[in-house]
2 protein chains.
Amino acid sequence: MGKPSEQRKREIIDATLDLAASLGVKKVTTQAIADHVGIAQPTVFRHFKTRDAIFVAAISSIGEGLFRNLAAFFSGIGPADERLHQLVQAQLRFISQNRGLPRLLFSDRLHLESPLLKQAVQKIMNGYTQQVSRMIREGQAAGLMRQSLDADESAWLVAALIQGVVMRWSIFDFDFDLAAEAEPLWGFIAAALLVDG
Amino acid sequence: MGKPSEQRKREIIDATLDLAASLGVKKVTTQAIADHVGIAQPTVFRHFKTRDAIFVAAISSIGEGLFRNLAAFFSGIGPADERLHQLVQAQLRFISQNRGLPRLLFSDRLHLESPLLKQAVQKIMNGYTQQVSRMIREGQAAGLMRQSLDADESAWLVAALIQGVVMRWSIFDFDFDLAAEAEPLWGFIAAALLVDG
DNA sequence: TATACTTGCGAGCGATTACTCACTTTTATA
DNA sequence: TATAAAAGTGAGTAATCGCTCGCAAGTATA
């Protein structure tokens, strides 16, 4: 063996996400991670100082992946409503293929104990909400979306709505097709945001 | 001492909810519960067979409290939209005063390990969604709400929206006034559900 | 090849925690 | 009042888990 640390770090992060998705955060012990990677448990601590640091890295990694996946819709061309529709679709698709994200995000223990993780999560959420807010203002400027709604507040609620759906999916152990929820979800958001006719 | 078990059970459940609200689920050890109640730790097991059983009882208890609190709006008189508005207000008010509920609900470890708890949670959620769906159908029948939206799906999404807001509140450690979110939240729901004019 | 650094591991420590057990005290009942 | 059941406790157990330590093996560089 003796791989370079960067590579091992990736393996450890991937193992963490895999295990979180399939077993839940609690069972992602350093031993379980080590087994999954194929190294001894103390070796894990050669690459991360603490267990929490692994989770922070995992959350950051998957957060970046999400943003990379959605960036095209945040700032693409075309009408704001269509882009928002596609954003919702892409987001649910991404999350349905990265179950570790909700598992980490919705585990109480993490942010209660790790200020670092809390920061990482807040950064992702704020960035996301900001982008959606901008899209809504674009839609309002183009006369596509209701002027009566506050863009920031609405963006916040759209995010909450998606989170709520994802949370249910996670709580109920992924037992429905998340990506398929994109259409009714968009129907609801469209009814709330778009001007009629 | 030597109180009747029913009374102690209540005290243990209340202590569990208090501690979950203030410290997070992970720190609700049987020792912490015992200290909070003022009994020895082994005594806890006189009243509940396992720690999980305590959580199940706590969730059920608070779920019943929520339903009792909302029952008036589910089946009261008056237009469906006003009742739904009041329901949202009452719900956020109740949850803001019972922080143990989101803490228990959004902790991953519980439902992953306890099928019983999962059942209890599902029962609460399904009952809630059913009632909201009925209200929406009433609103549609009265010409107040859009016919184009599916009542069941919309009820599900309204529930998800509220859950999303509450989850954020919980994730961010209760650092904003949840009850105050009722108005913008209702503004969004109304825009989605109500016919215009 | 000599040197320094990185990666790896076996063994084990210290702390935590749900739960048990043997035994006492209190409460309810015949 | 005698008896049984319920409620309570101190002491302890077994298991888990994050993390450390000392040492070996591999790797890069001069």
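A quick note: this is a predicted structure, and the numbers were derived from the prediction, not measured. Each chain gets a letter, A, B and so on, in the order its sequence line appears, and its residues count up from 1.
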K.L.:
Within this structure, what is the CD-to-P distance between A/Glu6 and C/dT6, rounded to whole angstrom?
P.N.:
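In whole Å, C/dT6 P lies 13 Å from A/Glu6 CD.
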
K.L.:
How many Å lie between CZ on B/Phe48 and P on D/dG8, as a whole number?
P.N.:
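Roughly 12 Å, once rounded to whole Å.
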
K.L.:
In whole angstrom, give the distance that lies between atom CD1 of B/Ile39 and atom C1' of D/dG10.
P.N.:
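The distance from CD1 of B/Ile39 to C1' of D/dG10 comes to 15 Å, rounded to the nearest Å.
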
K.L.:
Check whether the side chains of B/Ser107 and B/Arg103 place a donor and an acceptor atom closer than 3.5 Å, and report yes or no.
P.N.:
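No, no side-chain donor-acceptor contact under 3.5 Å.
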
K.L.:
Would you please say whether a donor-acceptor pair under 3.5 Å links the side chains of A/Asn126 and A/Gln130?
P.N.:
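No - no donor-acceptor pair under 3.5 Å links their side chains.
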
K.L.:
Just to verify, what does A/Glu181 make a salt bridge (charged side-chain N to carboxylate O under 4.0 Å, His left out) with, not counting sequence neighbours?
P.N.:
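Salt bridge (charged side-chain N to carboxylate O under 4.0 Å, His left out) list for A/Glu181, sorted by chain: empty.
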
K.L.:
Would you tell me whether B/Ser75 and B/Arg134 have side-chain atoms, one donor and one acceptor, within less than 3.5 Å of each other?
P.N.:
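Side chains of B/Ser75 and B/Arg134: no pair found under 3.5 Å.
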
K.L.:
Kindly say whether the aromatic ring centers of A/Trp156 and B/Phe176 come within a distance under 6.0 Å.
P.N.:
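Centroid distance A/Trp156-B/Phe176: below 6.0 Å, so yes.
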
K.L.:
Give me the one residue out of A/Phe73, A/Phe188, A/Trp186 that meets ring-ring contact (aromatic ring centres under 6.0 Å, His included) with A/His85.
P.N.:
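When ring-ring contact (aromatic ring centres under 6.0 Å, His included) is applied between A/His85 and each of A/Phe73, A/Phe188, A/Trp186, only A/Trp186 qualifies.
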
K.L.:
For the pair made of CD1 in A/Ile12 and C1' in D/dG18, what is the distance, rounded to whole Å?
P.N.:
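Taking CD1 of A/Ile12 and C1' of D/dG18, I get 14 Å after rounding.
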
K.L.:
If we fit an axis to the first five pairs and another to the last five of the helix from C/dT1-D/dA30 to C/dA30-D/dT1, what angle do they make, to the nearest 10°?
P.N.:
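Its terminal axes enclose an angle near 10°.
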
K.L.:
Are OP1 or OP2 of D/dG8 and a side-chain N or O of B/His47 less than 4.0 angstrom apart?
P.N.:
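Yes.
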
K.L.:
What integer distance in Å separates A/Asp35:CG from D/dG18:P?
P.N.:
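About 12 Å, once rounded to whole Å.
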
K.L.:
Please report, rounded to the nearest Å, how far the C1' atom of D/dT27 is from the CZ atom of A/Arg8.
P.N.:
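About 14 Å, once rounded to whole Å.
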
K.L.:
As a test of understanding, state which of A/Leu19, A/Ile12, A/Asp14, A/Asp18 forms a side-chain contact (heavy atoms from CB on, under 4.5 Å) with A/Thr16.
P.N.:
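One option only clears the test, and that one is A/Ile12.
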
K.L.:
Within less than 4.0 Å of OP1 or OP2 of C/dC9, is there a side-chain N or O belonging to A/Thr43?
P.N.:
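Looking at the OP1 and OP2 atoms of C/dC9, one of them is under 4.0 Å from a side-chain N or O of A/Thr43.
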
K.L.:
Going by the rule salt bridge (charged side-chain N to carboxylate O under 4.0 Å, His left out), which residues pair with B/Arg83 if we only count those two or more places apart in sequence or in a different chain?
P.N.:
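Counting only residues at least two positions away or on another chain, B/Arg83 forms a salt bridge (charged side-chain N to carboxylate O under 4.0 Å, His left out) with B/Glu138.
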
K.L.:
Under 3.5 Å, is there a donor on one side chain and an acceptor on the other for A/Arg99 and A/Ser22?
P.N.:
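Their side chains do not contain a donor-acceptor pair, so the 3.5 Å distance test is not met.
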
K.L.:
In whole Å, I'd like the distance from the CD atom of A/Gln7 to the C1' atom of C/dT6.
P.N.:
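Those two atoms, CD and C1', are 14 Å apart.
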
K.L.:
Quick one: do the B/Glu183 and B/Gln89 side chains pair a donor with an acceptor below 3.5 Å?
P.N.:
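There is such a pair (donor and acceptor under 3.5 Å, judged by atom type) between the side chains of B/Glu183 and B/Gln89.
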
K.L.:
Tabulate below the donor-acceptor pairs under 3.5 Å that side-chain atoms of residues 141-151 of chain B make, not counting sequence neighbours, or state none.
P.N.:
residue: B/Arg146; atom: NE; partner: B/Ala192; partner atom: O; Å: 2.7
residue: B/Arg146; atom: NH1; partner: A/Asp196; partner atom: OD1; Å: 3.2
residue: B/Arg146; atom: NH2; partner: A/Ala191; partner atom: O; Å: 3.2
residue: B/Arg146; atom: NH2; partner: B/Ala191; partner atom: O; Å: 2.8
residue: B/Gln147; atom: NE2; partner: B/Gln140; partner atom: O; Å: 2.8
residue: B/Asp150; atom: OD2; partner: B/Asp152; partner atom: N; Å: 3.3
residue: B/Asp150; atom: OD2; partner: B/Glu153; partner atom: N; Å: 2.8

K.L.:
What string of B, S and - do you get for nucleotides 11-24 of chain C 5' to 3' if you count protein non-hydrogen atoms under 4.0 Å?
P.N.:
B-----SBBB-BB-

K.L.:
Check nucleotides 3-6 of chain D for protein N or O atoms closer than 3.5 Å to its own N or O atoms and list the pairs.
P.N.:
none

